[in-house]
Number of protein chains: 2
Amino acid sequence: MTRTGSPAPTLVEVARLAGVSRATASRAVRGGERVSPEARAAVEAAVREIGYRPNQAARSLVTRRTDSIAVVIPESDSTLFTDPFFATVLHGVTTALSSTDLQIVLLVGQPGERAARMVNYLRAGHADGAIVVSHHRMDNVVEALAESAVPAVLIGRPWDASLPLTWVDVDNAGGGRLAAEHLLARGARRPATVAGPADMAAGRDRLAGWAEVVAAAGLATDAVEHTDWTADAAAAATGRLLDDHPDVDGLFVASDLMAEAAMEVLRGRGIAVPDRVRVVGFDDMGLAARTRPPLTTVVNPAPAMSRRAVEMLLAQLEGTGGTESVQFPTALVVRGSS
Amino acid sequence: MTRTGSPAPTLVEVARLAGVSRATASRAVRGGERVSPEARAAVEAAVREIGYRPNQAARSLVTRRTDSIAVVIPESDSTLFTDPFFATVLHGVTTALSSTDLQIVLLVGQPGERAARMVNYLRAGHADGAIVVSHHRMDNVVEALAESAVPAVLIGRPWDASLPLTWVDVDNAGGGRLAAEHLLARGARRPATVAGPADMAAGRDRLAGWAEVVAAAGLATDAVEHTDWTADAAAAATGRLLDDHPDVDGLFVASDLMAEAAMEVLRGRGIAVPDRVRVVGFDDMGLAARTRPPLTTVVNPAPAMSRRAVEMLLAQLEGTGGTESVQFPTALVVRGSS
DNA sequence: TTGTAAGCGTTATCAG
DNA sequence: CTGATAACGCTTACAA
């Protein structure tokens, strides 16, 4: 650890200097319970004098805790920084943990190469627990986590629902239904959707909810394009949709970031929003209110989900439950785009 | 660590099951040097059978290494996610470390409340070393780090140059000079600047370089507004600048994110860029090419700096140097805004 | 309130 | 190549 030649001071040196036993020194260092004022003062002075810091490895070898929890984001760093979903979640987790003594440690990296390393990190006991957040990709991080005993809560339901993992998520299918109902109510007769990836729960479920309502209304559900969550891919998908179905008059896009790109394409083609095509997004994290026109969207309650995930993880760490997954209801915010 | 009642398997159980000593088991687990094929096979089988994972705390208690390095970003999460500087640096650090076995751990949090926790985390030996990146704020994280013996490299020179810390940085003053020279060469006679915070090295130095050239040309250097690095503050500062000095014809803004906001204000006032006011930014990380008009800007070689910082840290960890700070030269990229 | 002593799970040294 | 054995630095019953 140290560059300097001299080894880091240990508790025995503190104890010797303070004239107490190692046990007493230990209690005092932790602001302990049963220490006399004199002993505490002596220890504190000794600590200051020699610059003592407890060795975390030694400590957690016996306590079996590290006082840190990991936030795992199995995405590439570019995704992490472009999609506001992650910023919102991270902010929520941070504030929810601010009252505790837990240090937050962020593990970022695409699934694949670094995934094994991340899981090893967790299984080795580097963190007391983990919050895993992603746009629900079915990845090996989640699988590996499932067969480890590391306390964990997922933000975003895993693809494989049978995995013994606790999660929080928004009602994606319900959101898709809300979007479709709204578009139909506004008079759309030829609805289309730019859906998320077909191999992610969020993509699949948002699409399924939308399709359910559209089909129930006796309308076609064939105007569908799957993409990843990026703006570029969404723009391309929107282009294909318009080429194949020129009569589209209502568009549900699986995220606001993607919806903004879709509206850009519409504008580029001279198609008026909402006059000729009505658009509904998903997320409502600030961006939706800033687009032109402002975006009607399905609320993704990421702050509340993050808070809840933290509560559940803390409960797991204390052994007081926190193992029941929860799905948050959603709502539609109507703005100028529809 | 574990939720399950059964304690995690240890090396002694592996050894017993494999019919070897604890020492041999340990060597085999690490793909060790002097182990017979049979012993290795037996150990590997035992590991698989009981799902053994080495206990990191025990391991690093003796090796004094954790095989992880921390990237410390003492900024609020909103800053982290809005300014492309951090995304770029993180990407650079990640790729530079991808060939090693080191796990990257991200510590994010505003200086102040969580700063002590971050430094404690490092000093406790949770990570083998740290890369600290920020827009150079003078903060207690850096100070605390300076008096610890944790190997560290700063990306961005610390405010207090006397601190015994290693850093990499761009030649901020040189960048400011480049910007000013360019503006003057294009005919600006009333240059102004939206500068970064006065209490950060990057803010101070970019301003100083600009002022040096402007003064040398015999022009006034009084059109200066300090702001933090946010777009909102930059917009406000630009407004004040225009109010106070309506004859401004050249504007150097301390970051591209801020320059974009400044151009927005100019456009809102019907002031043509570059025809009436020429604008130069700082960073050139993708954003500059996407603004309208595209932004002339000073290159901030964040990818190269990140790579270098990683190399230096690795050298420090191996005790082979890496303690000499380095300043990167910069360059101007001319685009439509000037 | 304090001290004694027994671990926590690994790695490393050093004979065999 | 293998196996005792001694650390590593700290916490925590348990006794005093």
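Quick note on labels: first sequence line is chain A, next is B, and so on, each numbered from 1.
Taking OG1 of T166(A) as the reference point, atom CG of L154(A) lies at 8.5 Å (rounded to 0.5 Å). Here the NE2 atom belonging to H126(B) is positioned 8.5 Å from the OG atom belonging to S60(B), to the nearest 0.5 angstrom.
Nearest approach of W167(A) to G156(A), heavy atoms of both residues: CB-O, 4.3 Å.
Side-chain contact between P151(B) and L313(B): present, with at least one pair of heavy atoms (C-beta onward) separated by less than 4.5 Å. Contact of the L145(B) side chain with the L122(B) side chain is registered, since non-hydrogen atoms from C-beta on lie closer than 4.5 Å. V141(A) has its side chain within reach of P74(A): a pair of non-hydrogen atoms, C-beta onward, lies under 4.5 Å apart. The shortest side-chain heavy-atom distance between Y121(A) and V105(A) falls under the 4.5 Å cut-off.
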Could you pull out the protein-nucleic contacts involving nucleotides 11-13 of chain D (nitrogen or oxygen on both sides, under 3.5 Å)?
unit_1	atom_1	unit_2	atom_2	d
dT11(D)	OP1	R59(A)	NE	2.6
dT11(D)	OP1	R59(A)	NH2	3.0
dT11(D)	OP2	S26(A)	OG	2.7
dT12(D)	OP2	R30(A)	NH1	2.9

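For Y52(B), there are no ring pair (Phe, Tyr, Trp, His ring centres under 6.0 Å) partners at least two apart in sequence or on another chain. For the side chain to side chain contact (heavy atoms under 4.5 Å, CB included) test, residues two or more places apart in sequence or in another chain that qualify with S306(B) are V89(B), V93(B), I155(B). Residues meeting the side chain to side chain donor-acceptor pair (under 3.5 Å) test with E49(A), sequence neighbours left out: none.
When the P atom of dC8(D) is taken as reference, atom CG of N55(B) falls 18 Å away, rounded to whole Å. Atom CG in L61(B) sits about 13 Å away from atom C1' in dA6(D), given to the nearest Å.
For T10(A) and dG9(D), the shortest distance from a side-chain N or O to OP1 or OP2 is not below 4.0 Å.
The residue A39(B) sits close only to the backbone: its heavy atoms come under 4.0 Å of sugar-phosphate atoms, none of a base.
Over its full length, the helix from dT1(C)-dA16(D) to dG16(C)-dC1(D) turns its helical axis through 30°, comparing axes from the five pairs at each end and rounding to 10°.
Along DNA chain C, the stretch of nucleotides lying under 4.0 Å from any heavy atom of chain B spans, 5' to 3', dG9(C) to dT13(C).
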